[in-house]
Structures are given as C-alpha cells and as structure tokens.
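Some notes on the structure that comes next.
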Protein chains: 2
Amino acid sequence: MTDTNQTDAVPGRAITTPRSGKASATIYDIAALAGVNPSTVSRALSKPGRVSAKTQQKILDAAEELNYQVNIFARALPTGRTQTVGLIVSDITNPAFFDIIRGAETAAASRDYTLMLAESTESAEHEMTAAKRMLATVDGLILASPRLANEEIQELAAKKPIVLINRRVDGVASIVADTETGVAEAVRHLAAQGHTSISYVAGPERSWMSARRWESIKARCDWHGMKLSQVASGMPTVEGGRRAAAVVKDGEATAVFCYNDLMAIGLMRELQGAGVSIPEQLSIMGFDNIFGSDFTTPPLSTIKSPLHELGVTALSRLLEFIVPGDQAGVVESSAGTAAGAGTTAPGAVGQAGAEAGGAAVAALSTELVLRGSTGAARPA
Amino acid sequence: MTDTNQTDAVPGRAITTPRSGKASATIYDIAALAGVNPSTVSRALSKPGRVSAKTQQKILDAAEELNYQVNIFARALPTGRTQTVGLIVSDITNPAFFDIIRGAETAAASRDYTLMLAESTESAEHEMTAAKRMLATVDGLILASPRLANEEIQELAAKKPIVLINRRVDGVASIVADTETGVAEAVRHLAAQGHTSISYVAGPERSWMSARRWESIKARCDWHGMKLSQVASGMPTVEGGRRAAAVVKDGEATAVFCYNDLMAIGLMRELQGAGVSIPEQLSIMGFDNIFGSDFTTPPLSTIKSPLHELGVTALSRLLEFIVPGDQAGVVESSAGTAAGAGTTAPGAVGQAGAEAGGAAVAALSTELVLRGSTGAARPA
DNA sequence: CAAGTTTTGGCAACCGGTTGACAAACTTTC
DNA sequence: GAAAGTTTGTCAACCGGTTGCCAAAACTTG
C-alpha cells in the first residue's frame, strides 16, 4: 500500500485531471437515435401523455441507452425552473437546525429537488446577501428563524415563493411550532413544584420566536398567578447563556426559562461553576431539545420542538407553491401551519390542539421533556 | 395585532402570490442603454481589460442603473460554469460535520460560490445518488468521509473536480487531518497513566478514517509496548457507542478509544448506566471534539480535529481546480494535504509536523484535549 | 503621412432545452 | 366514404448569456 498510495505532496501531479470532456447525451442525440424530432423528445420526457405510447417508449429506450440526463441549465433558461430550493438558517452550528436541515433535505431529495444551504450567522445583512444570491438560483426559499425585517421578507416573497419557519409575517407562508402546549405543561409543572417567581432569558432581539416564547410563558404565568421577569437578551448560544448567569444569580426567580437549549446549557454550566446547584437552588428549562441537551449533569429539562417535522413541512409547503398540483408528501397540511394563531389570547392555549385535531397539527406541537434540571422550588 | 396578523388557516388566501413576473434586466437591456453591442457588454462584465475603460464605465453604469444580475443559467449553458460547489456529508446530524460545513460554506460565500449540501445517511448508495444529482449542477464536489468505494470515487472524479475530506484515494485530491500527532499525545498520556491494555471501538467498516485511526493507535501502542484490541465496528453514532458497551465491559482493556465522540459518549453513558464509573474503572477517549463533548460528566477527553479548517481547506483546494489562476484564499496550501503521509510507519509519526513546518500543516493537525473521561489505570 | 500594429466593437453561431402554432395522420361519426 | 374531430409530430422562435472571427478604429513608427 505504501508505495501505491501517492500523497499529493506535489500538487496537481498525481491528481487525475478532472473534467474529461465526455459531453453527455442531449435530446438531439435521442431524437436521432429514435428517429423523431427533438421537440418530440422534449415532450415525451416532460409532458406525460402528449405523445403516443409507442413513440414514448422508443424515446425512453433511446434515452436509456444513451443514459441521458437533462441539462438543468438548458431547462432552467426558458422555464425558470431549477428543481432546487434554498434553506437559510441563522447558524449552521446550532444543533437545533440539524434536524430542520435534515428534514428539509430528505423531503427535498425524495421529491427530486436539491437543497441549497446557507447561513446568516445571526446577521440580517448576511441573511439578505445569502437570500439574494440564492433567489437567482432556486425555485423557492425556506427561511428558518430569519433575522430579517418583515418588509425585507415580504420583498423577497414578492419574487419567489418563500416559506418561513418559526416566524410569522403578513402575507408570507409560515410553519410555526405551537409553543403553547409545551409551555403550558412546563409552567404547570413548575407551579406544582412550588415555584412562584420565574425568569426568562431572552434570545436575540430580532428573534420573533424569542418574543413568542416570552408571550406564551407570560400568558401561562398569569394564569397560574406567578411572577415573571425577563432577563436582558443575548446571543442564542452557549456563550450567550453564560453571559446571563450573573443577572440570573442575583435575581429572585427560582426557575428560569431560556430562549433555547444552547443558552440553557451555557447558563447552567456557568452557574454551576459559580457554586449554584441545579436544580436544588434553581430550576432551568430550555427550548428545543437539541442534541446534547441530555448529556449535561443534570440533564436539561426542555420543551421539545418538532424540528424534523418543521423542516419536512416547510419543504412540502414550499413545493406546494412551486408545483401546485403536486400532493406527494402527505405529511404536511395547511392546518399544521395554523397552529398557534393567537399570540396573546391565553384562553386559546389549551384548545389549540383540540380544535384542529389533525395528525399534522399534533406533529407540530411542542412537548415538555422533563429531565433533571428542574425540581422543587427552594424555600423563599 | 390580533386582527391584522392573518393566519394562513385558509391556505393560499392570505398568502401573497409569489413570483411576480418582473423579469430582470439582461445584457441586451444594458447594451441598448449604453449604446453598444450585447457581446461588448458580456465582455465588459466578464473579461477584464477586453474593452476600453470608457465603454467599460458606460456599461457598468448602465448595469448599475438597471441593477443587473447575470442569469447564471444562461451563463452556465455555454460555459458549464455554475459558481456552485457541492458538499456531501455522511450524516448531517453528526456535529462533527457542522464545522466542516460551516467552514466550507463561509469559504465558498467569500469567493462568491454557493454551497449545495446533501447527505448520504451513511449509505454508499444514497451517496452515489446524491453525487450524481449534484454533479450535473456543480463545478466541483467535496466528499466528506465518503462511504463510496475507491473506484466509484475515481469515476466521479473523472467527470468533475473532486476533493475528499478524511479519505485518501489514488489520483483524487484530498484533505486529511493528521491523526498521528493527536494520537501520539493521547497514547503517551495513557501510558503515563499506567494503562497497558487498550481497546478501539471502530466506526463503520467502510470508513477509511476509522481504519486510519486504528492504524495510528496501533503504531503508537506498539511503540509503547501496549496491548491493543479492536471491538467490532458499529454505526458512528451515540447508539453505536451504546451497542459496544457490553463487549467493552467484558474486555480487559482499561482504556478505550472510540472512533468518534458520538460513539464515545454513547459508550460512556451506557457503561455508566451499568454502574461502571468513568474514569476510575475505565478511561474513554473520543475523536473530533464535537459540540457537546464537554457537556458530559465527566467531560470527554478527545483528540480534536481541525474541522473548520478541513472545510475551508477542502473548498479552497477545490476552487484551485476550478479556477486555476485564483489565489484568493491563502489559508490552504498543498503542503497541508500532504500531512500524515505514511499510514504504517511508526517512525514517521513524530516527525510529520516537523519536516514540513508550515502554518497550513499546523492547522490541519490534531491535538489531544484532556478532560475528565481519562485517568489512571485501575489496578489490574 | 503612409504603412504596420494593436485595440476595440460587432456579427453570428452556439449551449440544450421548451413551447406555441400548425399540419399531417389517424379516429370517429354520420 | 366524406366531414369533423382528435392525436401526434414538426417547425421555428426563444431563454440569456459566451466566444471565435473579422473589420473598423486608434495608435505606433519610420
């Protein structure tokens, strides 16, 4: 092995020159082989039923023989269709997006669409750049937790179909996980454990979801007659959570919700480092149930988001706009996107699931995952 | 807010119809505005120096005014260039790929290339499908830890430029993290802690990197006169690690290397569940230093991979093939790809870093991260 | 100032599909 | 068997750039 395994220390020498010309077959080649006109080939390959079964077969055989593959650029030129959709996430390294990405990717692949991925690194500006760049190439775009302003999103939506994940903007399709159910469970649990004063460590200011989670918690705390305060917002990262530790420690709350698991983990570890024992002295609750949230000691209690479903559903919804007739992916349903409508009416909370009891809705609801980071309130 | 914030419970009603026709400007529009021929516009925009400064300016102004954007499909049709590169990873949800993906994504974006992402879900077949699909669309492809056979990779490489990450195949460019340095440190550390019998929990059989890690460990164990055994391979996931627990527990080894952190975490948690205390009764060492590997109790000792750099370097190298003249990203260097040449010669290990002491090499070397999961050997 | 050289811009073909219009071929109907 | 209707295939234009070739224009040089 040692001598055949050439290293490429001498760059470009051992490396086989890529891109051997070998142009692939075109519809003209097929046409010649099948003895028909190129346009007939085009129709046979795209418009089903437009050509007779006999010629259809001849053409298919010829295509097979030449192992033809459409040139998507040639197709895209006149039609604008690219068989590609974009997904922009705010932070690729945030595990919460893994499952969204995977969900979207597999859903796309199964429908013969390709996924383009970009990240905005939590910056509205980067996000706009990425979106603009993608817009030229894709048939539609999914924006997961975008940081853009409403108007910017509407502007994008005017050009190509857009589906939002965990964000709601007038006139733009969106898939939102229903926070209410999970939050209701969580607050009920904390109330039962004797907590009366709660705090919320918010995420980025431009995060719609952070505001929404706050509202849900507020509504439920009011319901239970508990006190709720908000800690200054920060980056939705482990580091962001750490930064919030000082304020939380000095506060009077005995339980704290963090905007997401990353922050919850950061907060917990920072506090533990400062000698606070979790959950004895403070209960911590995250959101999302990301990879690794059960690795900590104590493992994190969290409100699980249907991340994978969010990705799958967003993609299906997007494809609905792009290919109106298509119904392949039955997973999603318009009802699912309606979950969690009223953001301020606490009365609606408990009913959200009930009134539109479809499988899709259930899939997009959140759920309390009780682990070790929450417990009984410390005596006041 | 409540009444203006329309939900899309009635699908397609509140949603603004996307894709308003508004076709964007073409070079013909520019040509008309600037009073020149379309071909001149094309040249002004791509071939620098081919047109006079005066017309160049006129054209640029006109383009600006119409806020022109090339139609990449029209461009791709005659040239084949798409300004897009592909990245295929074996598992999107494996945190080890996060940083690789991000590295590649940012490097691509900074050079005005767009990244397409796909995953193979650890299956050679899926990988081939994804690769084939992408090949039609991209200028080049990065395969991170591919599961494909060498011949299949060579076959792909014959069509478009390909760069491999953590895999070496004759005649194909590759970027490989130098396992030796980290492994040498790690084994030396374990030896110093009194361990004499070590075990390796291997990853997937088709994983080149798993074999490579095994060889590095073997070489160093031989050097230190330690016993090394291999535990049957499994999926490179937390679950895969759990599955290996039984065999490891019954073995005589006092320290175990796992193919990656995911497996190490799974193994550790499963063993702990069975009452084994880490590191008192068994030392566990992972590979990669993924997100979350420090969340566990005890935090995982691991051999850190330069994941981000791997992504950046792979992309730069790929672009070198695609745009031969281009030298924008100085980050990478051909020397970097040569690191870790001899896979079997133990003597070479210590020297690898020394003999080619460039910054690029350093960036791609691995490094021991000592945390709590490793400690002194239990008395035999 | 003429001859030679270098720039610069225009023409037209081409990349590989799609699609509207139309005619030829085939069916159906009376 | 002719008229009317329906399929099916062909023609040709088009999507929006790129590029080889050539001639006109501009610049050198003697």
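Throughout, a chain's letter reflects where its sequence line sits, starting with A, and its residues are numbered from 1.
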Atom-pair distance ([atom1] on [X]; [atom2] on [N]), nearest Å:
X       : N      : atom1 : atom2 : result
B:Ile59 : D:dT18 : CD1   : P     : 12 Å
A:Arg50 : C:dG17 : CZ    : C1'   : 16 Å
A:Ile30 : D:dG9  : CD1   : P     : 15 Å
B:Tyr28 : C:dG9  : OH    : P     : 18 Å
A:Ile27 : D:dC11 : CD1   : P     : 14 Å

- Query: Heavy-atom contacts under 4.0 Å between residues 31-47 of chain B and DNA chain C, which residues?
  - Reply: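 Those residues are B:Val36, B:Asn37, B:Ser39, B:Thr40, B:Arg43.
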- Task: Check each residue of residues 66-75 of chain A for a non-hydrogen atom within less than 4.0 Å of any atom in DNA chain C, then write out the ones that pass by number, or none.
- Result: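 Result for residues 66-75 of chain A: A:Tyr68, A:Asn71, A:Ala74, A:Arg75, sorted by number.
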- Message: I need the B:Arg147 CZ to B:Glu122 CD distance, nearest 0.5 Å.
- Response: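 So the CZ of B:Arg147 and the CD of B:Glu122 are separated by 4.5 Å.
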- Report the distance from atom CZ of A:Arg317 to atom CD1 of A:Ile322, rounding to the nearest 0.5 Å.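 Reported value, rounded in 0.5 Å steps: 12.0 Å.
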Which atom of [X] lies closest to which atom of [Y], heavy atoms considered:
X        : Y        : result
B:Ser42  : B:Ile27  : CB-CD1, 4.4 Å
B:Leu310 : B:Ile175 : CD1-CG2, 3.8 Å
A:Asp170 : A:Gln154 : O-NE2, 3.0 Å

- Residues forming a ring-ring contact (aromatic ring centres under 6.0 Å, His included) with B:Phe73, sequence neighbours excluded: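 Result, ring-ring contact (aromatic ring centres under 6.0 Å, His included) vs B:Phe73: A:Phe73.
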- Closest to the B:Leu77 side chain: C:dG9, D:dG17, C:dC15?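 In terms of side-chain proximity for B:Leu77, the closest of C:dG9, D:dG17, C:dC15 is C:dC15.
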- Query: So does A:Glu125 have more than 12 non-hydrogen atoms from other groups sitting under 6.0 Å from CD?
  - Reply: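 Atom CD in A:Glu125 is not crowded, with 12 or fewer foreign heavy atoms closer than 6.0 Å.
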- Decide if atom CD of B:Gln69 counts as having more than 12 heavy atoms of other residues, nucleotides or ligands within a radius under 6.0 Å.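 Open: at most 12 neighbouring heavy atoms sit under 6.0 Å from CD of B:Gln69.
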- Query: With a 4.5 Å heavy-atom cut-off, do B:Leu87 and B:Met134 have their side chains touching?
  - Reply: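 With C-beta onward as the side chain, the pair stays apart.
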- Determine whether any donor atom in the side chain of A:Arg81 lies under 3.5 Å from an acceptor atom in the base of C:dG17, or the reverse, and answer yes or no.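 Flag unset: no donor-acceptor pair detected.
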- Message: Would you say A:Ser52 places a side-chain N or O within less than 4.0 Å of OP1 or OP2 belonging to D:dG9?
- Response: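 Yes, such a contact exists.
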